[in-house]
Enquirer: 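Handing you a structure now.
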Amino acid sequence: EKKIRRIDSAKDKSRAREKDSDRLKVEENVFDVPTLKILYTLSNKGVIKAMGGSISTGKEANVFYAEGPDKELAIKIYRIASSTFRAMDAYIMKDPRFTNIRNKKRDIIFAWTRKELQNLKRAKSAGVRVPEPILAEKNILIMEFMGEKEAPYPLLKNTHLENEEAKSIFDIIVEYMRLLYKKANLVHADLSEYNILIDPNNLTPIFIDMGQSVTLEHPNAREFLYRDVQNILRFFSRYGIKDKPEDLFKKIQAE
Ligand SMILES: N#C/C(=C\c1ccncc1)C(=O)NCc1ccccc1
């Protein structure tokens, strides 16, 4: 009951911050009864000591801060009532790893959550800096919290950089794209300044949101890679970086 109150208070806290009713509806969908049951179970198992507030809210999921037994956690909860799960089809239905799932909304969301955990593990073992993946349970993904004092590290989008700082971050991002491709056999497929955190202690990038990442067997993998390359070059052009997309595209895939 104490733990349940903490989760309920997290609900209230995240609601309290709601300004307009739409967001309230959005938040409401995340904490549906099945999701609450899983959170209570994880809490009773000691995986989650206390739920915190919402770190970020997207169309298809919300990320919450939480205290774990030994480290801070980020809890990503995929919305079952999400309207954008159709968009997931493009990535998941052609992925040989998931062709056998029944086309039921929940199954797609659960498979997507499992895929994000798997992709984070593969990225990490390839040497790409990502939040430490901890577990996936139905529509809930638990990972290491990347931030300090309950405040997440800033997105690349919101980080002020000098040109030299930007250049060194750009070089690491390209190296991570190469490691993902050559060693993890993955393409991020949604890489942009919105899905890269910057660790302010050493100005290094952290890749997040790998639910949509695909293996190189996916028929559109190279298209997605080219789009990631274009996104990154578009963002870094403001710092005087002039690499050509086709050159970067080749460099990432080169033997
Ligand atoms: N993962 C993750 C995120 C942050 C994060 C911070 C600190 N530690 C770990 C993860 C995040 O904001 N993702 C964006 C997003 C996408 C889709 C729906 C909601 C939110």
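Each ligand, and each atom within it, is numbered from 1 in the order the structure gives.
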Enquirer: What is the ring orientation for W112 with Y78, classed by angle as parallel under 30°, tilted 30 to 60°, or perpendicular over 60°?
Expert: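 If you compare the ring of W112 with that of Y78, the planes turn out perpendicular.
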Enquirer: Tabulated below should be the N or O atoms of ligand 1 paired with protein N or O atoms at under 3.5 Å; can you produce that?
Expert:
| residue | atom | partner | partner atom | Å |
| --- | --- | --- | --- | --- |
| ligand 1 | 1 (N) | D209 | OD1 | 3.4 |
| ligand 1 | 8 (N) | M146 | N | 2.8 |
| ligand 1 | 12 (O) | S56 | OG | 2.6 |
| ligand 1 | 13 (N) | D209 | OD1 | 3.2 |
| ligand 1 | 13 (N) | D209 | OD2 | 2.8 |

Enquirer: What residue pairs, at least two apart or across chains, pass salt bridge (Lys or Arg N to Asp or Glu O under 4.0 Å) with a residue in residues 170-186?
Expert: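 Matches after skipping sequence neighbours: K167-D171, K182-E255.
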Enquirer: Mind jotting down which residue pairs meet the salt bridge (Lys or Arg N to Asp or Glu O under 4.0 Å) criterion with at least one end in residues 219-239? Sequence neighbours excluded, please.
Expert: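 Checked against salt bridge (Lys or Arg N to Asp or Glu O under 4.0 Å) - neighbours excluded - the pairs reaching residues 219-239 are E193-R234.
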Enquirer: What pairs meet the ring-ring contact (aromatic ring centres under 6.0 Å, His included) rule with one or both residues in residues 131-173, with sequence neighbours excluded?
Expert: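 For residues 131-173, and leaving out neighbouring residues, the ring-ring contact (aromatic ring centres under 6.0 Å, His included) pairs sorted by first residue read Y65-F145, F170-F236.
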Enquirer: Anything under 30° is parallel, anything over 60° is perpendicular, the rest tilted; go ahead and classify H218 against F224.
Expert: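 Tilted: the ring planes of H218 and F224 meet at 30° to 60°.
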Enquirer: So does R79 pair up with D32, basic N to acidic O under 4.0 Å?
Expert: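 Looking at D32 together with R79, the answer is no, because their closest N to O distance does not fall below 4.0 Å.
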